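In what follows, chains carry the letters A, B, and so on, assigned in the order in which the sequence lines appear, proteins first and then strands, with residues in each chain numbered from 1. This structure is a prediction, so every number in the text was calculated from the model and none was measured.
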Protein chains: 2
Amino acid sequence: MLSKKTKYGIKALTCIARQEKGTMLQIASIAEQENISHKFLESILLTLRKSGVLGAKKGKGGGYYLLKQAEEVKMTDVIRTLEGPIAMVPCVSLNFYEKCDDCPDENACAVHKLMIQVRDNTLDVLRNTTLADLV
Amino acid sequence: MLSKKTKYGIKALTCIARQEKGTMLQIASIAEQENISHKFLESILLTLRKSGVLGAKKGKGGGYYLLKQAEEVKMTDVIRTLEGPIAMVPCVSLNFYEKCDDCPDENACAVHKLMIQVRDNTLDVLRNTTLADLV
DNA sequence: ATTAATCCTAGTAACCCGATAGGGTAAATG
DNA sequence: CATTTACCCTATCGGGTTACTAGGATTAAT
């Protein structure tokens, strides 16, 4: 299940991407448009800024803006930043790999085999979808 | 993330499927083979029995056995039984649909659009993988 | 100086997951 | 028929995560 954090994050990004280039969008404005708790959204945008997708300007007239072209913001990156692993099981995760404590042999594991396929198909979608495709 | 419940369930099913037809496999035996807590596995197999995939025989010499051909046990069914929805967001779930409380218009929602694609790709894999493919 | 905005740390209530406890029930065996 | 074996079922609990909140610090325009 996708967390609300990720869901809100993607929605916020599309809001910002729809903005004319060079203009700012404020937390309050996004929160109202998308029915998101202001404070919660604040923490989400902070994470996105730290990850390098968003820039922010403080003070009066400040707000958030995209640092990259919308075409360059891949969904894989956004989801990994906000949600964590894309794989359904740590032992098939590319970026967050972890061995299972049960399972002496990964290659013999039915779940492993199955989840690699699921992961590859999901990655295929997420890698080829950018923010530009969503606005 | 796949819950351990589902993970263990799939592993247990493959154990049972590997068995010669007509023979029983006991909880204790599966638990030991796959390093799963005996009691936890018990509750998982119970769920699978109630869903109609497994049959059980009580008493001495009892155990679990497949009620269907391994080729007929689709991963979609198993996962829906143990994990619940396959979709990453309730608003794109076929079997567990739920409207989002934010989101006035689903068709205008970026997350919705994206997650439908992910769902379709995942379903494609899970529908075309049966227990027989995993043993 | 004041106001408006982001930045940042901490905390918390509610929920879910994995596991356990403890007995109940059915069936085979001697 | 008693005993043992193995599944059936409910309840509970600790720990972790999620979604959200509080409260102020910092920065920048007016």
Side-chain angles (χ1 to χ4, degrees), chain A residues 1-12 16 23-32 34-67 79 81-85 88-90 96 98 100-102, chain B residues 1-12 16 23-32 34-67 79 82-85 88-90 96 100-102:
Chain A
M1 275 287 155
L2 207 68
S3 67
K4 299 217 167 172
K5 189 174 176 181
T6 308
K7 188 180 158 195
Y8 293 163
I10 295 175
K11 282 188 166 192
I16 296 171
T23 54
M24 301 273 165
L25 196 50
Q26 293 164 6
I27 296 179
S29 165
I30 303 174
E32 196 190 1
E34 300 292 338
N35 300 305
I36 304 172
S37 142
H38 182 284
K39 276 298 198 177
F40 191 29
L41 181 59
E42 203 177 306
S43 71
I44 295 167
L45 294 178
L46 193 60
T47 315
L48 287 171
R49 185 186 61 80
K50 284 184 182 163
S51 85
V53 203
L54 290 180
K57 199 183 165 205
K58 282 190 186 178
K60 201 168 184 176
Y64 286 94
Y65 53 91
L66 277 184
L67 278 181
I79 291 181
T81 304
L82 295 173
E83 188 82 10
M88 294 186 76
V89 144
F96 301 82
E98 233 171 291
C100 306
D101 0 315
D102 56 312
Chain B
M1 277 287 156
L2 208 68
S3 66
K4 299 217 167 173
K5 190 174 176 181
T6 308
K7 188 180 159 196
Y8 293 164
I10 295 174
K11 282 189 165 192
I16 296 173
T23 53
M24 303 274 165
L25 196 50
Q26 293 163 7
I27 295 177
S29 165
I30 303 173
E32 195 190 1
E34 300 291 338
N35 301 304
I36 305 172
S37 140
H38 182 283
K39 278 295 201 178
F40 191 29
L41 181 58
E42 205 176 303
S43 72
I44 295 167
L45 294 179
L46 192 61
T47 314
L48 287 171
R49 187 186 59 80
K50 284 184 182 164
S51 85
V53 202
L54 290 180
K57 200 181 162 206
K58 284 188 185 179
K60 201 167 186 177
Y64 286 93
Y65 54 92
L66 277 184
L67 279 180
I79 291 181
L82 294 174
E83 189 83 10
M88 293 186 78
V89 144
F96 300 83
C100 305
D101 2 316
D102 56 312

Rounded distance in Å - [atom1] ([X]) to [atom2] ([N]):
{"X": "B/Met1", "N": "C/dC17", "atom1": "CE", "atom2": "P", "result": "14 Å"}
{"X": "A/Ile30", "N": "C/dA5", "atom1": "CD1", "atom2": "C1'", "result": "13 Å"}
{"X": "A/Met24", "N": "C/dT6", "atom1": "CE", "atom2": "P", "result": "10 Å"}
{"X": "A/Lys60", "N": "C/dA1", "atom1": "NZ", "atom2": "P", "result": "16 Å"}
{"X": "B/Ile44", "N": "C/dT20", "atom1": "CD1", "atom2": "P", "result": "12 Å"}
{"X": "A/Leu46", "N": "C/dC7", "atom1": "CG", "atom2": "P", "result": "6 Å"}
{"X": "B/Leu82", "N": "C/dG18", "atom1": "CG", "atom2": "P", "result": "11 Å"}
{"X": "A/Leu48", "N": "C/dC7", "atom1": "CG", "atom2": "P", "result": "11 Å"}

| said: Taking any heavy-atom pair under 4.0 Å as a contact, classify B/Ile27: base, sugar-phosphate, or nothing. | reply: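 Sugar-phosphate, backbone atoms only, no base.
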
| If you look at every strand shown and take non-hydrogen atoms under 4.0 Å, does A/Lys50 touch a base, only sugar-phosphate, or nothing? |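 Sugar-phosphate, no base atom in range.
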
| How would you give the extent of chain A contacts on DNA chain D, as first and last nucleotide 5' to 3' within a 4.0 Å heavy-atom cut-off? |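 It runs D/dA19 to D/dT30.
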
| message | Closer than 4.0 angstrom, basic N to acidic O: yes or no for B/Asp102 and A/Lys4? | response |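 No salt bridge links B/Asp102 with A/Lys4.
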
| query | Under 4.0 Å between a side-chain N/O of B/Lys5 and OP1 or OP2 of C/dA19, yes or no? | reply |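 Answer no for this pair, as no side-chain N or O of B/Lys5 is under 4.0 Å from OP1 or OP2.
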
| query | Out of C/dA26, C/dT20, C/dT6, which nucleotide sits closest to the side chain of B/Lys58? | reply |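 Nearest listed nucleotide: C/dA26.
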
| said: Closest-nucleotide mapping onto DNA chain D: is A/His38 or B/Arg49 further toward the 5' terminus? I mean the 5' end. | reply: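 So the residue in question is B/Arg49.
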
| 5′-ward residue of the pair A/Gly59/A/Glu42 relative to DNA chain D |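 Closest to the 5' end, via its nearest nucleotide, is A/Glu42.
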
| Any donor-acceptor pair under 3.5 Å between the side chain of B/Lys39 and the base of C/dG22? |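 A donor-acceptor contact between them is present.
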
| task | Could you pull out all residues at least two apart from B/Ser3 that satisfy side chain to side chain donor-acceptor pair (under 3.5 Å)? | result |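 If we apply the side chain to side chain donor-acceptor pair (under 3.5 Å) test to B/Ser3, skipping adjacent residues, the hits are B/Thr6, B/Glu83.
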
| query | In terms of the nearest nucleotide of DNA chain C, which residue is placed more toward the 5' end: A/Gly61 or A/Ser43? | reply |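 Upstream on the strand: A/Gly61.
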
| request: Could you check A/Leu25 against B/Leu41 and say which one's nearest nucleotide on DNA chain C is further toward the 5' end? | output: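 Mapping each residue to its closest nucleotide by heavy atoms, the 5'-most match is A/Leu25.
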
